[in-house]
S.K.: 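Following this message is one structure expressed as structure tokens.
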Amino acid sequence: MEYTDAPEPPLTEATMQCPLCGHTLPKNAQRCDRCDWVRTNEAVSAEGKASDAVAVLLSIAPGLGHIYKGHKLVGLLLLFFGTPVAVGLALLAATGTAGFAIFLLPIYWFAVMFHAYSIDDRVPADKYDAREQY
Ligand SMILES: [Zn+2]
């Protein structure tokens, strides 16, 4: 026998595979000891969905949704830099395209909203991790 990496023990009733790296873990494992997979329980993901919706609503003002989710730097950049630049460019382009470039703005807007929706929610993770587990 060679001493390379030990083979994964076979899956049984009491074990599960890490969804990220496939490492065999106890069935009730909260995190993987090989990669950074962490179990997200129902309560947290439900909360995550609610905040996704709020983040999209806040993105009416592009950047607020990101700030709400804890991405303050990205949010402030969008709010005070990205959006004025996007509006300026669209207006500039609109003068050369008989106004059609104005339709670029909703695309930018939707992109920001979609990003606010899909970006990781940092706020609950910080709260719970800091207090409960360490
Ligand atoms: Zn893993």
Side-chain angles (χ1 to χ4, degrees):
M1 287 294 274
E2 289 175 78
Y3 283 96
T4 52
D5 281 352
E8 295 290 345
L11 286 176
T12 67
E13 296 270 310
T15 60
M16 55 170 277
Q17 270 190 311
C18 170
L20 285 186
C21 70
H23 183 49
T24 302
L25 298 168
K27 189 143 209 143
N28 60 350
Q30 292 305 305
R31 58 185 63 222
C32 177
D33 50 13
R34 256 203 206 172
C35 66
D36 55 4
W37 174 75
V38 177
R39 181 189 295 276
T40 45
N41 61 42
E42 312 278 310
V44 169
S45 64
E47 203 170 311
K49 286 206 178 80
S51 77
D52 285 345
V54 175
V56 170
L57 282 178
L58 287 172
S59 294
I60 297 286
L64 281 189
H66 291 75
I67 294 171
Y68 171 77
K69 279 197 168 182
H71 297 260
K72 289 202 180 74
L73 185 63
V74 179
L76 289 174
L77 278 175
L78 281 171
L79 199 55
F80 295 110
F81 183 74
T83 302
V85 167
V87 171
L89 285 178
L91 288 177
L92 197 67
T95 60
T97 55
F100 281 110
I102 289 295
F103 291 107
L104 293 173
L105 274 183
I107 296 172
Y108 165 77
W109 212 331
F110 275 117
V112 171
M113 282 183 174
F114 182 76
H115 192 242
Y117 175 82
S118 57
I119 201 168
D120 283 341
D121 196 337
R122 282 182 184 173
V123 179
D126 288 345
K127 255 191 258 166
Y128 294 128
D129 277 353
R131 223 184 297 146
E132 304 248 318
Q133 301 191 331
Y134 301 104

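Computed over heavy atoms, backbone and side chain alike; hydrogens, waters and symmetry mates excluded. Note that the numbering runs from 1 along the sequence shown for the chain.
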S.K.: Could you check whether any side-chain heavy atom of Leu25 comes within less than 4.5 Å of a side-chain heavy atom of Arg31, counting everything from C-beta outward?
M.R.: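 No, every pair of side-chain atoms sits at 4.5 Å or beyond.
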S.K.: Looking at Tyr108 and Gly82, what are the two nearest heavy atoms and their distance?
M.R.: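 For Tyr108 and Gly82, the tightest heavy-atom pair comes out as OH-C, 3.3 Å.
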S.K.: Once you round to the nearest 0.5 Å, how far does NE2 of His66 lie from CG of Leu76?
M.R.: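 Answer for the NE2-CG pair, His66 versus Leu76, is 11.5 Å.
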S.K.: Do Trp37 and Cys21 make a side-chain contact, defined as non-hydrogen atoms from C-beta onward lying under 4.5 Å apart?
M.R.: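 Heavy-atom side-chain distance check fails, nothing below 4.5 Å.
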S.K.: Leu89 and Phe81: same hydrophobic cluster, using ILVMFWY side-chain contacts below 4.5 Å?
M.R.: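 Same cluster: Leu89 reaches Phe81 through Ile, Leu, Val, Met, Phe, Trp or Tyr contacts under 4.5 Å.
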S.K.: With ILVMFWY side chains joined below 4.5 Å, transitively, what does Leu105's cluster contain besides itself?
M.R.: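 Members alongside Leu105: Val87, Leu91, Ile102.
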S.K.: Is any side-chain heavy atom of Thr83 closer than 4.5 Å to a side-chain heavy atom of Leu79?
M.R.: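 No - every pair of side-chain heavy atoms lies 4.5 Å or more apart.
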S.K.: My understanding is that only residues two or more places apart in sequence, or in another chain, count here; which of them pass side chain to side chain contact (heavy atoms under 4.5 Å, CB included) with Ala93?
M.R.: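 Partners of Ala93 under the side chain to side chain contact (heavy atoms under 4.5 Å, CB included) test: Ala101.
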S.K.: Could you list the residues that satisfy side chain to side chain donor-acceptor pair (under 3.5 Å) with His71, not counting sequence neighbours?
M.R.: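 With neighbours one apart ignored, the set is empty.
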S.K.: Measure the spacing between NZ of Lys27 and CD of Gln17 and express it to the nearest 0.5 Å.
M.R.: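 Output value for this atom pair is 11.0 Å.
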S.K.: Answer yes or no: is there a donor N or O on one side and an acceptor on the other, between the side chain of Lys69 and the main chain of Ala55, under 3.5 Å?
M.R.: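 No: the side chain of Lys69 does not pair with the backbone of Ala55.
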S.K.: Ile67 versus Leu58: any side-chain heavy-atom pair under 4.5 Å?
M.R.: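 Not in contact.
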S.K.: Taking side chain as C-beta onward, heavy atoms only, is Met113 less than 4.5 Å from Ile60?
M.R.: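 Yes, their side chains come closer than 4.5 Å.
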S.K.: Does a donor on one side chain sit under 3.5 Å from an acceptor on the other, for Tyr68 and Ser59?
M.R.: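 No, because no side-chain N or O of Tyr68 sits under 3.5 Å from a partner of the opposite role on Ser59.
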